[in-house]
Amino acid sequence: MHRYRTHRCGELTKSHVASTARLSGWVHRKRDHGQLLFIDLRDHTGLTQIVLQPEQPFFAEAEALKLESVVTVTGKVVARTAETINPDLPTGEIELVAGALEIDSVADTLPLQVNAERDYPEETRLTYRFLDLRREKMQRQIRLRSAITSSIRRRMTDLGFTEIQTPILTASSPEGARDFLVPSRLHPGRFYALPQAPQQYKQLLMMSGFDRYFQIAPCFRDEDARADRSPGEFYQLDLEMAFATQEDVFAAVEPVMHGIFEEFSDWAVTPMPFPHIAYKDAIRRFGTDKPDLRNPIEMQDVSEAFRDSGFKIFAGILAKNPKHAVWAIPAPKGGSRAFCDRMNAWAQGEGQPGLGYIFFKDGEGSGPLAKNIGPERTAMIREQLGLEDGDAVFFVAGDPASFYKFAGSARDKVGHDLDLVEKDVYRFCWIVDFPMFEWDEEAKAVGFSHNPFSMPQGGMEALETKDPLEILAYQYDIVCNGVELSSGAIRNHRPDIMEKAFAIAGYDKQILEERFGGMWRALHYGAPPHGGIAPGLDRIVMLLAKTENLREVIAFPMNQQAQELLLGAPAPVTEKQLNELHLQLSLTAREKLKAEAAPRTAEPAADELRANLLS
RNA sequence: GGGGGUGUAGCUCAGUCGGUUAGAGCGCUGGCCUGUCACGCCAGAGGCCGCGGGUUCGAGUCCCGUCACUCCCGCCA
């Protein structure tokens, strides 16, 4: 008989009755009747009820067992009587009558309960992550992540993609987010950077003739956290294809995404092909480049209804600048003064002057705004938006470039508050035709708006003849339920076009050679046209697990302050380590205090242990 | 860097208008219980009310500061 187990805790059924079995696992719950003790024994497969009788020599020891202790039980599998069958448990028709009990490991009093589905503060959960992970929900979510990852690998391999690892210690790149830097011991004063994405390497692989590459790639960016953005590190399904057009990339990725979402959820998924929405249309219709298409509301430009109207504020705004506009956010079934006033109060809380509105009842428009512009213009708006009695409409005026974000969040709020958002469905779309360049207000100059290696639409001719801010790129995002899952592009494989594009963004050829040396060289020795994309794995799993927080689908996440509470990262290092790396710290008194205060870990002893290991 | 929320027993939370000895559930300790499965019953221990200062006869409660966690803004080619 195996030292620890002949079966798993979720395995025994009526067919095993009368056989001898050995189970190992955690004490999930105890029910002590004095002269009879039940223990629910748990492992990754489920629960089995163990029955312990008082004549057994280990009975007292078993009674004293703390929850979450680890034990090995050997005994006879017995059928339960009809009255004692537990229909809620897969193993509920049998129980194991203990003949021997071995205590493998005892547990202290628990800081969080494993056997209860209740919420604990993040800090407690992360400090005791090993306990948190034992809970059923976390087991389910981490296993879901594993299954999704396997499925992605299989699908990509079936499509002829080759999985290739790329370096973790690489070079800092001048564009993008803040880098994590790793000081070099052998090269004083020089630093490696952790990759923000394997962008250049995957393009080099295309130039190396691998045709189709993919990787479940770790990416590192030193940004502040959000609920849907881990601090520091995350994973992407990174892929790249040679001799591919934008449509080829869509045709490869769409079935993978669609297939994954069909495989791991019973919610409806947007049928293929996913709709394509141009960036500027997404902004105009939804106020964001990552629209939640479950929300049916679409905004419209209603400037003409307000131009030279009796509503002097909007008329004035429109007269001031030809770029200015008035956008309407329809609110079906939102036609009550209470709702409109609530929206107005919300807008003021968002730092807006307010939110103009009209609501429709008894065949006409109500509210101060309708009075100001008169019945004809009110009817025009109603006509354009197809509104009926009982509906409302909100207005935002000014320069769309500055108000579209607010308009987008107003659309979100109307959709949610009026319960218009579709349920139990994944709504996908592609956002295409991103601008190649954008105006950097801080630098007062033109810069790359997304990926500097994207191919401008129209190629060299566009760069030479068009206003840079008008040029579009072969740059695209895939969006699901308002979550940006990935962005990608057809790359610029022509050194002459790249030189010109970088010149427009203010980088001269020398920078290109210095900072992108490897790729710049490779482009001169036969580079295939290529492109790719990189869907974020954490966000895919988060959507499929139906949670709102990335930390729910990461085994050992950092907290919002980018600290890992189990091992205590980031941690101070010794003088010796600093010296080897040719580093000196330059900290203010206040920063020194903070640096010396060791991060909290689960066991105070861990801090001591770490100090010993480091010295 | 900025704004919001939270901080009370091991854990989750309640705590009224500032007023006597700060409560509940789970967990923990002791006792009882041979069919429970969120077992039940009885008893008990456990509190720097995050920390510092202030107002007050009196502060968990009000004010100021500070720290921690969390959500958001900035940031995220």
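By convention in this document, chain letters (A, B, ...) are assigned in the order of the sequence lines, proteins followed by strands, and residues within each chain are numbered from 1. Computed from a prediction, not measured in an experiment: that's the story for all the values here.
- Taking the C1' atoms as reference points, B:G10 lies 27 Å from B:U66, given to the whole Å.
- For B:U16, there is no paired base (Watson-Crick or G-U wobble, both distances below 3.5 Å).
- Nucleotides B:C63 and B:C73, compared at atom P, are 28 Å apart to the nearest Å.
- Atom C1' of nucleotide B:C11 and atom CG of A:Leu112 are separated by 8 Å, given to the nearest angstrom.
- Residue A:Asp224 contributes atom CG, which lies 11 Å from atom C1' of B:G2 at whole-angstrom precision.
- B:C62 and B:C71 have their C1' atoms separated by 27 Å, given to the nearest Å.
- On the C1' atoms, B:G1 is 47 Å away from B:A38, given to the nearest whole Å.
- In this structure, of B:G74, B:G10, B:U36, it is B:U36 that holds the atom nearest to the side chain of A:Phe38.
- Residue A:Gln561 contributes atom CD, which lies 11 Å from atom C1' of B:C71 at whole-angstrom precision.
- The separation of B:G52 from B:C42, taken at their C1' atoms, amounts to 44 Å, rounded to a whole angstrom.
- Between A:Arg539 and A:Glu484 there is no salt bridge, since no side-chain nitrogen of the basic residue lies less than 4.0 Å from a carboxylate oxygen of the acidic one.
- With centres under 5.5 Å and a plane angle under 30° as the test, the ring of A:His33 is not stacked against the base of B:U36.
- We find that A:Arg31 and A:Asp40 are joined by a salt bridge, their nearest charged nitrogen and carboxylate oxygen being less than 4.0 Å apart.
- Nucleic acid contact class of A:Pro111 (heavy atoms, under 4.0 Å, all strands): sugar-phosphate only.
- Side-chain atoms of A:Asp40 lie closest to B:C37 of the nucleotides B:C73, B:C37, B:U70.
- Nucleotide B:C76 holds its C1' atom 13 Å from the CG atom of A:Asp477, rounded to whole Å.
- With a cut-off of 3.5 Å on both pairing distances, the Watson-Crick or G-U wobble partner of B:C11 is B:G25.
- The base of B:C76 has none of its N or O atoms less than 3.5 Å from a complementary donor or acceptor on the side chain of A:Arg221.
- Of the candidate nucleotides B:U36, B:C69, B:C75, B:C69 has the atom lying nearest to any side-chain atom of A:Asn559.
- The partner of B:C69 is B:G5, by the rule that a Watson-Crick or G-U pair needs both atom distances under 3.5 Å.
- Across the protein-nucleic acid pair, A:Ile85 atom CD1 and B:G35 atom P stand 18 Å apart, rounded to whole Å.
- Salt bridge annotation for A:Lys202-A:Asp238: present, with a cationic side-chain nitrogen under 4.0 angstrom from a carboxylate oxygen.
- Candidate nucleotides B:U70, B:C75, B:G35 were compared by shortest atom distance to the side chain of A:Arg80, and B:G35 ranks first.
- With B:C75, B:C33, B:U29 as the choices, the nucleotide that has an atom nearest any side-chain atom of A:Glu223 turns out to be B:C75.
- Residue A:Gln563 places no side-chain N or O under 4.0 Å from the OP1 or OP2 atom of B:A68.
- Nucleotides B:G5 and B:A9, compared at atom C1', are 23 Å apart to the nearest Å.
- Contacts of A:Glu438 with the nucleic acid, taken as non-hydrogen atoms under 4.0 Å apart, are absent.
- Across the protein-nucleic acid pair, A:Asp179 atom CG and B:C75 atom P stand 18 Å apart, rounded to whole Å.
- Between A:Glu552 and A:Arg140 there is no salt bridge, since none of the side-chain N atoms of the basic residue sits less than 4.0 Å from a carboxylate O of the acidic one.
- The phosphate of B:U34 has neither OP1 nor OP2 within less than 4.0 Å of any side-chain N or O from A:Gln53.
- Between A:Gln113 and B:A38 there is no side-chain polar atom (N or O) within less than 4.0 angstrom of OP1 or OP2.
- Of the inter-residue distances, the one linking A:Gln49 atom CD with A:Asn86 atom CG reads 8.0 Å to the nearest 0.5 angstrom.
- Along RNA chain B, the nucleotide nearest to A:Thr124 and the one nearest to A:Met558 differ in position, and the one closer to the 5' end is contacted by A:Thr124.
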Which is it for A:Phe502 and A:Phe448 under the ring-ring contact (aromatic ring centres under 6.0 Å, His included) test, yes or no, and what are the steps along the way? CA-CA 8 Å; A:Phe502 271 68; A:Phe448 290 115; 5.0 Å; yes

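- Ion pairing between A:Glu223 and A:Arg178 fails under the 4.0 Å rule for side-chain N and carboxylate O.
- Salt-bridge check for A:Glu68 with A:Arg134: passed, with a basic side-chain N closer than 4.0 Å to an acidic carboxylate O.
- Look at the C1' atom in both B:G44 and B:U56: the space between them is 38 Å, to the nearest Å.
- Partner assigned to B:C37 is none, using Watson-Crick or G-U wobble distances below 3.5 angstrom.
- With both pairing distances under 3.5 Å, B:U61 is matched to nothing as a Watson-Crick or G-U wobble pair.
- Regarding A:Phe59, its CZ atom lies at a distance of 10 Å from the P atom of B:U34, rounded to whole Å.
- For the OP1/OP2 pair of B:C39 and a distance below 4.0 Å, the side-chain nitrogens and oxygens of A:Arg31 include at least one atom meeting the criterion.
- Put simply, A:Gln196 has no side-chain N or O that comes within less than 4.0 Å of OP1 or OP2 on B:C76.
- In this structure, A:Leu65 and A:Gly176 both approach RNA chain B, and ranking their closest nucleotides by distance from the 5' end singles out A:Leu65.
- Residue A:Asn549 places at least one side-chain N or O under 4.0 Å from the OP1 or OP2 atom of B:C71.
- Distances shorter than 4.0 Å separate some side-chain N or O of A:Arg551 from OP1 or OP2 on B:C71.
- Rounded to whole Å, the separation between the P atoms of B:C17 and B:G54 comes to 27 Å.
- Set against B:C37, B:G35, B:G74, the side chain of A:Leu36 has B:G35 as its closest nucleotide.
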Going through the distances and angles, do A:Glu93 and A:Arg80 end up as a salt bridge (Lys or Arg N to Asp or Glu O under 4.0 Å)? CA-CA 6 Å; A:Glu93 289 189 296; A:Arg80 296 201 201 182; over 6 Å; no

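- The distance from atom CD of A:Gln35 to atom P of B:C32 is 9 Å, rounded to the nearest whole Å.
- Using a 4.0 Å heavy-atom cutoff across all strands shown, A:Ser449 reaches sugar-phosphate atoms only and no base atom.
- Applying the 4.0 Å criterion to OP1 and OP2 of B:U36, one finds that A:Arg29 has every side-chain N and O outside that range.
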